[in-house]
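Sequence lines set the chain letters: A, B, ... in the order given, protein chains first and strands last, and positions in each chain run from 1.
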Amino acid sequence: MRWSNLFVPTLREAPAEAEVASHQLLLRAGFIRQLHSGHYSLLPLGLRVHDKVADVVREEMDAIGAQELLLPAMHPAWVWEQSGRWTAMGDEMFRLTDRKGADVALGMTHEEVIAFHAREIHSYREVPQIWYQIQWKFRDEPRPKSGLLRVREFAMKDSYSLDIDDAGLDHAFDLHHKAYTRIFERMGLPAIAVEASSGAMGGSASVEFMVPSAAGEDDIVRCQNCGYAANVERAVAVVPPVADPPGGVLEQFPTPGIRTIAALAAAEAEAPPHRQIKTMVYALDGQITLVLLRGDHELSEQKLLDNTGASTVRPAGAEECVAALGASPGSLGAVGVSDLPVLADGALAGRSNLTTGANVDDFHYRGVDIERDIVVSEWLDLRQVRHGEPCTRCGKPLELLRCIETGHIFKLGRRYAEAFETTVMDADGAPRTLTMGSYGIGIGRAVAAVAETHHDERGLCWPVSVAPYEVAVVPLADRDGTVGEVAERLYDELRDLGVEVIIDDRDARPGVKFSDIELVGIPYRVTVGPRGLANDEVELTERATGETINVGIAEAAARVRAARDAALTAL
RNA sequence: CGGGCUGUGGCGCAGCUUGGUUAGCGCGUUGGUCUGGGGGACCAAAGGUCCCGGGUUCAAAUCCCGGCAGCCCGACCA
């Protein structure tokens with residue numbers, strides 16, 4: 001490719017709407033442009049990287065025996081009704097109506113469609129199967145953000161395993177786990193596999209692949225010592241026991257104007273946050289429920305959902321609190337509450353001499369013994385783990401890391417196959433419902449994650465495996481034509497050697513060329529100038545390190561290929 | 001859905017408070033001369049529904065009302 005023919009509109013300054021590094025750099029380097037919120041066009045260089053990421057994914061999927069297919073992006077409503085997700089997906093699904101008035105949807109994922117086609121599997125002899133596609137997904141995200149990191153229309157590699165029993169599913173899950181590890185390694189992403197919540201997908205287990213980055217939207221907990229890692233939505237930690245002072249008589253006392261844990265702690269020497277009970281009121285599938293935590297702990301709403309089996313959760317409004325308990329938030333408590341479910345976090349078990357709201361505005365109780373004074377319907381893990389808390393496996397401090405979720409794998413079980421009556425005959429001639437797994441990687445998000453983790457002050461810095469071009473040949477000032485001649489020859493040689501090369505044939509000053517090539521992030525640069533040519537040499541510069549070496553013209557192309565091959569092998 | 005910020009040539013911004021020449025500046029773009037190993041200099045030029053609609057006014061980028069769009073925080077989210 002010749003730079004002069006390439007559409008690569010680079011910008012000197014980042015557009016104001018871009019905040020995170022990957023978004024700014026992908027815009028500045030001319031890889032992407034926004035059409036509207038959550039919808040991006042991939043420009044030629046952006047598409048090349050996108051394609052390379054997709055190719056890495058393809059190779060590793062093929063390597064575990066997965067078969068590529070391509071499913072429609074637009075689905076009839078009935079397949080979603082069949083699984084119950086036509087309503088469950090809510091506003092996140094794009095829906096439209098065809099000319100006959102029939103409801104159709106743009107696919108957010110393809111479990112239903114897979115289960116539908118899998119009905120053509122009739123015998124246990126035909127499984128296991130792993131099917132995958134790289135195809136466009138549409139999700140009406142409430143808040144698209146950060147460039148390619150969260151969008152409403154994106155390419156996803158989604159694969160689905162079909163097995164006759166749990167052992168088969170476990171095996172398919174394990175194959176994907178290993179393939180994903182390879183995929184992220186190959187594109188230079190330091191992904192951490194973590195235990196995750198399955199959310200609306202359902203199923204028995206799921207693992208997310210998380211790339212540490214401040215631009216991410218998820219928090220994980222990791223133990224450097226023993227390797228425990230989990231999304232905070234699931235993570236557990238040791239809570240060191242608290243020795244409550246003995247005694248404590250249940251007693252109401254006035255607390256005028258005190259509405260928060262912090263305010264009560266400041267006013268009462270005997271009520272530091274860890275000796276208070278935080279009482280929150282939630283509507284769980286519509287049922288008003290009290291949720292109790294230690295005063296200094298934070299609730300994880302995802303744990304509340306996962307550990308109660310509820311499908312929706314929302315904080316109750318102030319009016320609902322008054323109606324249910326007779327007091328406003330700030331004075332709420334569970335003492336004496338018997339007509340509402342009370343869920344308590346395990347960290348409160350056995351605690352006594354605590355302080356909590358009295359369900360009378362401007363009054364609290366002191367001397368509360370939780371097991372004596374509160375009717376707890378259920379003890380659950382509800383608290384969010386904090387940085388530095390001890391690991392439950394080895395006791396060493398956990399670290400909290402902000403991450404980008406680049407992949408997620410699920411053991412789904414039989415839910416979808418049951419909905420579609422996807423059964424096969426087993427060896428005994430009895431019908432058996434297939435068990436499924438589903439496994440996703442967002443291609444565009446992976447591109448952004450690589451950009452997020454591979455850049456410097458000069459611009460992007462792609463790993464060779466996903467770089468838009470592997471090397472740029474840069475001819476400098478060319479008075480007598482020899483520079484151009486050598487550069488063109490190198491360009492031809494590199495192409496003959498199978499190296500992806502671009503030649504910067506613009507009539508531009510060296511600084512402009514160097515800056516653009518560094519911004520775009522091409523891993524190697526061969527600079528051809530009169531200085532080197534005087535010694536029959538050109539310069540080979542590595543983008544990542546900035547290191548430059550002089551190499552003879554005759555060996556330059558081979559050196560580039562060798563460097564490229566070595567880098568690919570190392571990944 | 002709640003909160004905040006912002007919409008002015010391709011990009012970054014000023015002007016708006018206190019309405020009033022021809023709407024400016026930097027970068028980029030085009031042509032020219034010079035220059036030629038890190039975004040060079042000079043000369044000339046093109047490029048604008050000041051987000052949209054309505055209102056106030058002799059007069060609106062500027063004030064008022066209503067929309068729309070984008071971004072950020074939170075909620076939500078496979």
Side-chain angles (χ1 to χ4, degrees), chain A residues 9-20 23-24 27-30 33-39 83 85 88-93 107-112 137-147 149-152 154 156 158 196-203 206-208 215 217-218 231 233 282 299 301-302 305-306 311-315 317 405-410 412 415-416 437-442 445 458-459 474-480 483 504 506-519 525 527-534 538-539 541 546 548:
Chain A
T10 58
L11 300 172
R12 229 164 140 158
E13 293 171 282
E17 74 262 15
E19 198 149 284
V20 303
H23 190 194
Q24 292 187 345
L27 283 171
R28 278 190 58 207
R33 285 295 183 267
Q34 185 182 56
L35 181 60
H36 74 141
S37 182
H39 299 263
S83 67
R85 295 206 290 183
M89 285 307 187
D91 291 337
E92 196 146 335
M93 187 146 71
M108 319 170 59
T109 179
H110 284 75
E111 284 76 18
E112 283 82 356
K137 301 291 188 253
F138 299 85
R139 299 180 184 181
D140 193 355
E141 291 284 345
R143 183 146 93 84
K145 57 178 288 200
S146 305
L149 281 175
R150 180 165 292 273
V151 293
R152 304 203 298 175
F154 60 97
M156 175 185 249
D158 46 324
S197 162
S198 297
M201 292 291 285
S206 85
V207 168
E208 289 169 326
E217 303 179 83
D218 287 278
N231 192 305
E233 294 174 351
Y282 273 85
L299 172 70
E301 290 192 0
Q302 190 65 48
L305 278 175
D306 291 346
S311 55
T312 65
V313 60
R314 65 170 174 83
E405 178 192 345
T406 52
H408 200 163
I409 59 180
F410 298 88
L412 295 176
R415 168 179 174 184
Y416 296 95
S438 97
Y439 315 87
I441 292 178
R445 184 180 285 182
R458 294 182 170 190
V474 184
L476 299 179
D478 191 15
R479 291 188 190 292
D480 58 6
V483 167
D504 191 346
R506 292 175 295 177
D507 177 23
R509 298 177 68 84
V512 173
K513 295 185 175 188
F514 294 156
S515 298
D516 269 346
I517 285 164
E518 284 160 355
L519 176 61
R525 186 180 83 206
T527 309
V528 184
R531 248 187 232 168
L533 289 194
V538 295
E539 288 159 28
T541 304
T548 296

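Comparing the C1' positions of B:rA46 and B:rU30 gives a spacing of 7 Å, expressed to the nearest Å. Taking atom C1' on both B:rC68 and B:rU17, the two are 26 Å apart, rounded to the nearest angstrom. For the P atom pair drawn from B:rG55 and B:rC16, the interatomic distance equals 26 Å after rounding to whole Å.
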Each nucleotide of nucleotides 32-46 of chain B classed B (base within 4.0 Å of a protein heavy atom), S (only sugar-phosphate) or -, in 5' to 3' order, makes ---BBBBBB------
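Using a 4.5 Å heavy-atom threshold, the side chains of A:R85 and A:M108 count as separate.
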Set out, line by line, the N/O atom pairs under 3.5 Å between protein and nucleotides 73-76 of chain B.
| residue | atom | partner | partner atom | Å |
| --- | --- | --- | --- | --- |
| B:rC73 | OP2 | A:R143 | NH1 | 3.1 |
| B:rC73 | OP2 | A:R143 | NH2 | 3.0 |
| B:rC73 | OP2 | A:K145 | NZ | 3.3 |
| B:rC76 | OP1 | A:E301 | OE1 | 2.0 |

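The nearest whole Å value for the distance from the NE2 atom in A:H23 to the C1' atom in B:rC71 is 9 Å. Nucleotide B:rG10 holds its C1' atom 9 Å from the CZ atom of A:R33, rounded to whole Å. With rounding to whole Å, A:D140 atom CG is found 11 Å from B:rC1 atom P. The CD-P distance, from A:E13 to B:rC25, rounds to 17 Å in whole Å.
The salt bridge (Lys or Arg N to Asp or Glu O under 4.0 Å) test applied to A:R314 returns A:E320, not counting sequence neighbours. Taking the salt bridge (Lys or Arg N to Asp or Glu O under 4.0 Å) definition, one finds that A:D140 meets it with A:R152, sequence neighbours left out. Take A:K513 and apply the salt bridge (Lys or Arg N to Asp or Glu O under 4.0 Å) test, not counting sequence neighbours, and it matches no residue.
Residue-to-nucleotide proximity on RNA chain B shows that, of A:G147 and A:E208, the 5′-proximal contact is made by A:G147.
Contact between the side-chain N/O atoms of A:S37 and the OP1/OP2 oxygens of B:rA69 is not found at any separation under 4.0 Å.
Defined by atom type and a distance below 3.5 Å, a donor-acceptor pair is missing between the side-chain atoms of A:T541 and A:E539.
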Could you provide the dot-bracket string of RNA chain B, using ( ) for intrastrand pairs, [ ] for crossing pairs and | for bases paired to another strand, with Watson-Crick or G-U pairs below 3.5 Å?
(((((((..((((......[...)))).((((((.....)))))).....(((((..]....))))))))))))....
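The residue A:R150 sits close to a base: some heavy atom pair falls under 4.0 Å.
Under a cutoff of 6.0 Å and an axis angle of 45°, A:R525 and A:F514 form a cation-pi pair.
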